[in-house]
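Worksheet for the structure shown next.
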Amino acid sequence: MNFSENLRLAWSCVRANKLRSVLTMLGIIIGISSVITISTIGSSLRETIQKTFSDLTGTNQLAVYWFNPEYGIDYDAVFTFEDVDNYKKAFEGMVSTAFYMDVNLGSTTSYEENGRKANIDIVGSIESYALKNNLDIIMGRDITYQDNVENRKVCVVSDHFVKYGLGNMKNPIGKKLEISTTNGNVITVYIIGVYKQKQTQLVSMGQASTKEEDSVTNLVIPIKYVWDTLNISEDEQGAPILYFMNEPGTDLEMLKENTKSYFKRTMGKNVDSKSQIRIESLEEQLKMINTVLNVITVAISVIAAISLIVGGIGVMNIMLVSVVERTKEIGIRKALGAKNKVIEMQFLVEAVLICAIGGIIGIIIGLLNGGLISFIVKQIVQSKEALSMLTVSVSPPIGAIIVSFLFSSLVGVVFGLYPARRAARLSPIDALRDE
């Protein structure tokens, strides 16, 4: 008897005992669906974190700072404006841009003109505001280091600002803006560029329920202009953390080591001897988060998979019952010349078929559960202001699906082998005598 005949016979036995077959599959279905549900949630969470960071800032940013084991970041070890320029020149071709964290000039304010209004945060940037925030310049250019050096009174605005503050002006480049800040200062700047604001960033923290025209976007000016407006002396200008982005194709590990050596050489004499230079990348932090999520997902999946053992025991029990019920059939087949291997394969195929069907049903239910839970989470995130910047995505784990199906089939082999061998070893005389 070939495999196809065994499969057909096994299917007929499953159909003949529908209720018993379904109850036998139940443990397999519960185990597989639990594993797939948990894996889908874990995979979706990883994808959500990755996509959110990519949408907001990109993932190839690195931060360098001096760290003191006694109190953490050494805020006295400041990277000056000149340090930024010298570092970029020293690593030309390896580093695309270097910058501080954006500095706010006061709180949220408004620009009003001819009855139109746009809410803005005025922020200072050294250079490459669009690049570091993963945005596109759609008109003009970005803030540059030279704008800071020459104290140019320029700014880069969002397309949202142009739409609501300037009435969708076709070419706002060169437009003069006079803006009153919340600090009581009035700044005068000229637009040199327009960036396209992403929707995920437009609906930012605390703005999920805000009308589009009332949303706040950044108006970017040279960071030197912010410092001068706030009357910050040159001795205090700088930051304890310097961010930089590597050029595509650069050996990241070599760049990090060379960067450490460079700042140890150029700044080491003026820094506390206990402080050490450190470099962290957003990509590495994401990898750490993903590793933790993977461990948690696997651990919970293993616990959920314990029900597969229970399901396997159920399969073994039912197959033993099936052997007893079909003892006379086995005796007749043996009397007609069927070999032990044929009988063994018949019952083994039936056990594997039951587990495989249970596995397929479990996978479908697991995917539906994972998709439903992820959809509910997405709706909750979109309705909560504090979570509105998350980019939720559903990511079914293909690897987990394949492994789950193979594992359910393996359960059929393991727990169906003993009943199959018991059936094969029955004496034909004893089997035929059975009533």
Side-chain angles (χ1 to χ4, degrees), residues 51-61 84 96-113 116-148 150 152-179 181 187-207 210-226 243-245 247-248 282 388-389 391:
K51 192 163 185 178
T52 299
F53 275 102
S54 296
D55 285 344
L56 295 178
T57 62
T59 58
N60 64 328
Q61 291 188 16
V84 177
S96 57
T97 184
F99 50 90
Y100 304 136
M101 186 175 289
D102 295 331
V103 178
N104 278 59
L105 180 58
S107 304
T108 299
T109 186
S110 298
Y111 174 79
E112 299 185 30
E113 181 182 300
R116 297 182 294 267
K117 185 179 81 168
N119 295 324
I120 53 172
D121 280 331
I122 303 172
V123 300
S125 176
I126 292 184
E127 64 176 20
S128 306
Y129 173 81
L131 176 62
K132 68 187 180 185
N133 287 288
N134 202 24
L135 298 170
D136 294 323
I137 296 291
I138 57 177
M139 195 179 299
R141 64 174 178 83
D142 205 344
I143 296 290
T144 65
Y145 181 82
Q146 203 62 29
D147 291 328
N148 283 276
E150 299 181 8
R152 294 171 183 165
K153 305 301 186 284
V154 295
C155 72
V156 176
V157 299
S158 67
D159 57 345
H160 179 271
F161 176 87
V162 174
K163 179 179 180 180
Y164 293 103
L166 303 178
N168 253 336
M169 182 183 286
K170 288 186 178 180
N171 185 12
I173 304 300
K175 168 73 175 175
K176 180 181 178 180
L177 305 176
E178 290 187 356
I179 306 170
T181 72
I187 64 169
T188 301
V189 288
Y190 295 85
I191 297 176
I192 59 168
V194 180
Y195 65 87
K196 185 171 183 59
Q197 183 72 56
K198 290 185 178 181
Q199 189 64 28
T200 52
Q201 293 172 318
L202 183 60
V203 187
S204 59
M205 293 295 186
Q207 299 186 63
T210 305
K211 293 181 180 178
E212 183 182 343
E213 58 267 29
D214 295 329
S215 296
V216 181
T217 59
N218 288 341
L219 183 144
V220 190
I221 64 177
I223 198 169
K224 277 273 192 180
Y225 195 4
V226 173
Y243 298 89
F244 63 96
M245 298 175 70
E247 290 281 10
L282 186 57
S388 59
M389 291 182 80
T391 307

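From a predicted model like this one, the values you see are computed outputs, not experimental measurements.
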As a quick check of understanding, evaluate side chain to side chain contact (heavy atoms under 4.5 Å, CB included) for Y111 and L219, giving each step before the final call.
CA-CA 10 Å; Y111 174 79; L219 183 144; over 6 Å; no
Working for side chain to side chain contact (heavy atoms under 4.5 Å, CB included), residues V226 and L105:
CA-CA 6 Å; V226 173; L105 180 58; 4.3 Å; yes
Decide yes or no on side chain to side chain contact (heavy atoms under 4.5 Å, CB included) for V189 and V154, but give the supporting numbers first.
CA-CA 5 Å; V189 288; V154 295; 5.9 Å; no
Could you walk me through whether N119 and Y164 satisfy the side chain to side chain contact (heavy atoms under 4.5 Å, CB included) test, starting with their C-alpha distance in whole Å, then the side-chain angles of each, then the deciding distance to 0.1 Å, before giving a yes or no?
CA-CA 9 Å; N119 295 324; Y164 293 103; over 6 Å; no
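Side-chain atoms of Y195 and N133 include no donor-acceptor pair closer than 3.5 Å.
When atom types are taken as modelled, the side chain of D142 and the backbone of V156 share no donor-acceptor pair closer than 3.5 angstrom. Between the side chain of N134 and the main chain of A130, no donor-acceptor pair closer than 3.5 Å is present. Side chain of S96 to backbone of M245: a donor-acceptor contact under 3.5 angstrom is found. Looking at D147, its side chain never comes within 3.5 Å of a backbone N or O of R152 through a donor-acceptor pair.
Proximity of I143 to Y225: side-chain heavy atoms (C-beta onward) are nowhere separated by under 4.5 Å. Contact annotation: the side chain of V157 never approaches that of I120 to less than 4.5 Å [non-hydrogen atoms, C-beta and beyond]. Residues F161 and V194 have side chains not in contact (no heavy-atom distance under 4.5 Å, counting atoms from C-beta outward). For the pair E127 and T97, the minimum side-chain heavy-atom distance is below 4.5 Å. A 4.5 Å side-chain heavy-atom check between F99 and I223 finds every atom pair outside the cut-off. Within the 4.5 Å cutoff, side-chain heavy atoms of E113 are placed close to those of K175.
When every heavy atom of S215 is checked against every heavy atom of H160, the shortest pair comes out as O-CE1, 3.5 Å. Counting all heavy atoms, side chain and backbone alike, S125 lies closest to V220 at CB-CG1, 3.7 Å.
Checked against L177 for a side-chain contact (heavy atoms from CB on, under 4.5 Å), the options T188, I191, I187 give a single hit: I191.
Remark: K153 NZ is packed, more than 12 non-hydrogen atoms of other residues, nucleotides or ligands lying under 6.0 Å away. In M139, the CE atom is crowded: over 12 heavy atoms of neighbouring residues, nucleotides or ligands sit closer than 6.0 Å.
With sequence neighbours left out, D159 forms a salt bridge (charged side-chain N to carboxylate O under 4.0 Å, His left out) with K196. Qualifying side chain to side chain donor-acceptor pair (under 3.5 Å) partners for E247, counting only residues two or more places apart in sequence or in other chains: none.
From T108, atom OG1 reaches atom CG of D121 across 3.5 Å, with rounding to the nearest 0.5 Å.
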